[in-house]
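Notes follow once the structure below has been shown.
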Amino acid sequence: MQHQAPIARRRARRTRRRIIAIVAAVLVLAVLVTTGIAVLRLQSNISVSALRSSDIDVPDSSEGVNVLVLGSDSRDFNTKGFGADNGTRRSDSMLLVHLSPNNERIEAVQIPRDTVLQRPACADTGFGAYPGGYGMINSALNYGPACSVAAVEALTDVQLNHFIEVNFEGFISIVDALDGINVCLEKPMTDPKANLDLPAGRQTVDGTDALALARTRHAVGDGSDIARLGNQQKVMSAIVQRATSREVLARPERLYAFLDAITSSMTVDQELSSLPSLASLAARIQAVPTDKITFMAMPTQPAPTNRNRVVPAPDAALIFERIKKDIPINSEAQSSADEEPAREAAQKLPVSILNGTKVYGLAGKFADAAAEEGFTVSSIGTATSLHEQTRLLIPDTAGAKKAATGFAKAIKLDVSPSVADVKEIQLVLGQDHQALRIPDNKPVKVTSRTASEKLCG
């Protein structure tokens, strides 16, 4: 009898372990099934449209990823209060978002919807063909996202890797999935045309009020499209702060609701249409510190043909050139302390410059630029043949590479030195010399704010 008791206890423990194992297996299976269903639902939510109206390959992303975010004013949905659906589909807001290749920063440039330009022709991608013509950039969306992409590329000369389109109702559902966003108003804001009526001070607003706050023109500044851009920056900052908070990321049910709202609201290009692609982009964005996420308005000036419309101001070209070359838009203009020794070393070595292009006097222009920076130019001349590529040749001596690098940076030329059978630093200018020019680093005056800035301040 005494011997049977331990046996019974061992059998009971084994039975409990089996039950626990079965329950655990069932729970794991339930999680996998539920997760699978969730993934399938999120994937099926996503709408897809063409990135371009032609078969041009998606640009290389080695200099960063450029995404066009479109806020559509389409009224083809259930939410009331934004006017009747008249069949038009314009971009109420446009955001050119640049994500640096190392995920160090994001620069998002607002393009005013009242910007006018000579819009390029667009082939039919399901929304009708557009023959091209002069007009406002926001109306390009009538012919599909691909036409908006073409218009923005024509305006900025920045090639886009992706687009994301969200309409009014989608914006509302995204903010509501976050349980609202926190904002801070210096004074009460009322605008019947935007369905806006909010008191002053700190408050949490739902999706409908957040949309009204982002859209209002008559409650801010002079009532223009430009005046509301600063207000939109505050709303976007509030969404980033909320979406990256532990209140969302650490709560699965809220995170899923947020992801469900986002995927249900979006139309994206084919390359971005899978959940892995979206997750990869989201992970890169998540890696960027909020104080390195900057929203800014494109510098503008009145259009020559209509003072109520705008065109890019000269500083806008600087912004877009820096985005193309992944240079921080408002980086310090002066050389850092560790670059000074390279400059000083280069200034002690003679430099010869050869013109390998058909551009008359090019070597002389670069020689003048080098002399202004304190370098000694020993000779200038014409290369014996045309050169497609610019080359910076150095002798195989100690310090030559460092000196040549300092020289190239000083004359704002993005070219790396290579060892050759030369006795001094030799710059051979090729047909690609313009593409290698480093943009001027002078500060750009823009209306901007980072996503980490306090909402009351």
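Since the structure is predicted, the reported quantities are computational estimates derived from the model, not experimental observations.
Formation of a donor-acceptor pair under 3.5 Å by the Asp206 side chain with backbone atoms of Asp209 is found in this model. Between the side chain of Arg242 and the backbone N or O of Leu178, at least one donor-acceptor pair lies under 3.5 Å. Remark: the backbone N or O of Leu272 is not paired with any side-chain donor or acceptor of Ser277 at under 3.5 angstrom. Without hydrogens or angle criteria, Lys325 side chain to Ala435 main chain gives a donor-acceptor distance under 3.5 Å. Between the side chain of Glu107 and the main chain of Ile329, a donor-acceptor pair closer than 3.5 Å is present.
One finds the CD1 atom of Ile327 at 7.5 Å from the CD atom of Glu321 (value rounded to the nearest 0.5 Å). Rounded to the nearest 0.5 Å, atoms OH (Tyr130) and CZ (Arg119) are 3.5 Å apart. For the atom pair CG of Asn167 and CG of Leu70, the computed distance is 11.5 Å after rounding to the nearest 0.5 Å.
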Next item on the list: Start with the C-alpha gap between Thr115 and Met136, add the side-chain angles, then the distance that decides, and say whether side chain to side chain contact (heavy atoms under 4.5 Å, CB included) holds.
Entry: CA-CA 6 Å; Thr115 303; Met136 287 171 54; over 6 Å; no

Margin query: I'd like to know whether Ile323 forms a side chain to side chain contact (heavy atoms under 4.5 Å, CB included) with Thr156, so could you lay out the CA-CA distance, the side-chain angles of the two residues, the decisive distance to 0.1 Å, and finally the verdict.
Written below: CA-CA 10 Å; Ile323 284 177; Thr156 65; over 6 Å; no

Next item on the list: Run the numbers on Leu155 and Met298 for side chain to side chain contact (heavy atoms under 4.5 Å, CB included), then give the verdict.
Entry: CA-CA 11 Å; Leu155 179 79; Met298 181 185 80; 4.1 Å; yes

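Ion pairing between a basic and an acidic side chain is recognised when a charged N comes within 4.0 Å of a carboxylate O; Arg437 and Asp414 show no such pairing.
The number of heavy atoms from other shown groups lying within 6.0 Å of OH (Tyr360) does not exceed 12. Within 6.0 Å of CD in Gln301 there are more than 12 heavy atoms belonging to other residues, nucleotides or ligands. Around the CZ atom of Arg284, the shell of radius 6.0 Å holds more than 12 heavy atoms that belong to other residues, nucleotides or ligands.
In plain terms, the two heavy atoms of Thr267 and Ser49 that are nearest each other are CG2-CB, 3.8 Å.
Just one residue in the list Asp191, Leu211, Asn195 forms a side-chain contact (heavy atoms from CB on, under 4.5 Å) with Thr216, and that residue is Asp191.
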